[in-house]
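Here is the structure we will look at.
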Amino acid sequence: MAMLTAKLSCSPAATASLGRRSGPARRAAVVRASAGSYADELVSTAKTVASPGRGILAIDESNATCGKRLASIGLDNTEVNRQAYRQLLLTTAGLGEYISGAIMFEETLYQSTTDGKTFVDCLKDQNIMPGIKVDKGLVPLPGSNNESWCQGLDGLASRCAEYYKQGARFAKWRTVVSIPCGPTALAVKEAAWGLARYAAIAQDNGLVPIVEPEILLDGDHGIERTLEVAEKVWSEVFFYLAENNVLFEGILLKPSMVTPGAEHKEKASAEAIAHDTLTMLRRRVPPAVPGIMFLSGGQSELEATMNLNAMNQSANPWHVSFSYARALQNSVLKTWQGRPENIEAAQKALLVRAKANSLAQLGSYTGEGESDEAKKGMFQKGYTY
């Protein structure tokens, strides 16, 4: 099991006494990571998700957000329609070639196909790890500059234990940081501490935690400001992960790419985004972490894939891949339109996007033959998940 070493904090007098030859030898305190009996399984799960040429399909939208997606194609927000859409995605033949994990909303974790096969079993049959969203959403953070914090720590241990029994093997907790609102030191610390407590609790119950402090695209700031904030946020996150004795080999990260604000006057090239994003990661993320699974955050399908490809043009100390929702699903929804006769075409659209991002993870994506739909941006100011 991995070990974390904590330095002793000593007063000057104590430090002086430690240096005396006549004093007894002192050893640094060694703190065992909190993953407990699940440590080996957590490492194995994380490595499976971070496997070459594969990434994560994020379908963990809340019922309200899924309703907005369904409304965009003229469908009512009912459990039947949500189940039908998730069944379309999770029963796509060949998906496991490109997808290693699927993050689900609680409703989906307990659902089955119309033939009675659980969605968990559909995923396992394709060697796709079932995952689960465990946070309870964002609420206003008192004392901040109109910022948010993520709730859900109360009862988290028991929820994680139940999700594990249902077949989930990794978890996701999303909090956000807003550059136009500061971010304030309070908001950054709250985000980092909440993620660290969640990660420790998830590991203690057998779930690999995806650590996601999303730096929102909102704003007109340049890429340099995003880099500055990202470095600050990830510095805090890893400080508190270590404070909570989280096993780094048993986590995955879901960062934002380092891009200019969505309203900045100049767009950055894929090469510039890759350079600054990798610079930030190399400065802040230990190589013990097995996988970096980027969120798309409102980029177009094409942008998200091109940027990922640019980051895989040289070797990285971690598996650099994707955990996309809209950037995998947008074309699928528009192809499906809620019609049974379109299911096969919609599943083919999913495979097209999944394969494109698989190639990007391998650094082999060219962008040839992409549709105009894939080039459309999906940024929404003040987007809620």
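Nothing fancy with the numbering, it's 1 onward along the sequence. Worth saying up front: this structure is predicted, and the values here are computed from it rather than measured.
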Have [X] and [Y] got a donor and an acceptor in their side chains that come within less than 3.5 Å?
X    : Y    : answer
N145 : T184 : no
Y98  : Q361 : no
K117 : S112 : no
N307 : Q299 : yes
R86  : T108 : yes
Q87  : Q83  : yes
D121 : T118 : yes

Taking 4.0 angstrom as the limit, do [X] and [Y] come out as a salt bridge?
X    : Y    : answer
E106 : K133 : no
E162 : R159 : no
E228 : K232 : no
K355 : E97  : no
R197 : E243 : no
E214 : R174 : yes

D125 atom CG, over 12 foreign heavy atoms within 6.0 Å: yes
Whether over 12 other heavy atoms sit under 6.0 Å from Q313 CD: yes
In one Ile/Leu/Val/Met/Phe/Trp/Tyr side-chain cluster, 4.5 Å: [X], [Y]:
X    : Y    : value
L350 : L75  : yes
V134 : I59  : yes
Y324 : L89  : yes
L216 : L186 : no
Y163 : Y198 : yes

At their closest point, which heavy atom of [X] faces which heavy atom of [Y], and how far apart are they?
X    : Y    : answer
L57  : L95  : CD2-CD2, 4.3 Å
A171 : L207 : CB-CD1, 4.0 Å
G167 : V120 : CA-CG1, 4.1 Å
G250 : P209 : O-CD, 3.3 Å
P142 : P140 : CD-O, 3.2 Å

Working for side chain to side chain contact (heavy atoms under 4.5 Å, CB included), residues L241 and W193: CA-CA 8 Å; L241 287 172; W193 177 256; over 6 Å; no
Any residue meeting side-chain contact (heavy atoms from CB on, under 4.5 Å) with N316, in chain and number order, not counting sequence neighbours: L278, R282, N312, W318, V320
F119/Y110 aromatic ring centres below 6.0 Å: no
Pair S72-R69, side-chain hydrogen bond (donor to acceptor under 3.5 Å, both in side chains): steps then yes or no: CA-CA 5 Å; S72 72; R69 305 269 173 89; over 6 Å; no
Trace of the side-chain hydrogen bond (donor to acceptor under 3.5 Å, both in side chains) decision for E301 with S331: CA-CA 9 Å; E301 292 177 333; S331 296; 2.7 Å; yes
Worked verdict on F248 versus F238 for ring pair (Phe, Tyr, Trp, His ring centres under 6.0 Å): CA-CA 9 Å; F248 288 176; F238 273 99; 5.4 Å; yes
Derivation and outcome, side chain to side chain contact (heavy atoms under 4.5 Å, CB included), residues L333 and Y85: CA-CA 8 Å; L333 264 175; Y85 178 54; 3.6 Å; yes
Distance (rounded to the nearest 0.5 Å) between L217 CG and E263 CD: 10.0 Å
Separation between CG of D204 and CG of L156, rounded to the nearest 0.5 Å: 10.5 Å
Side chain to side chain contact (heavy atoms under 4.5 Å, CB included) between L351 and T92, intermediate numbers included: CA-CA 8 Å; L351 289 176; T92 298; 3.7 Å; yes
Residues E61, Q329; criterion side-chain hydrogen bond (donor to acceptor under 3.5 Å, both in side chains); working and verdict: CA-CA 12 Å; E61 301 93 343; Q329 295 182 54; 3.0 Å; yes
Verdict with supporting geometry, S62 and T65, side-chain hydrogen bond (donor to acceptor under 3.5 Å, both in side chains): CA-CA 5 Å; S62 67; T65 301; 3.2 Å; yes
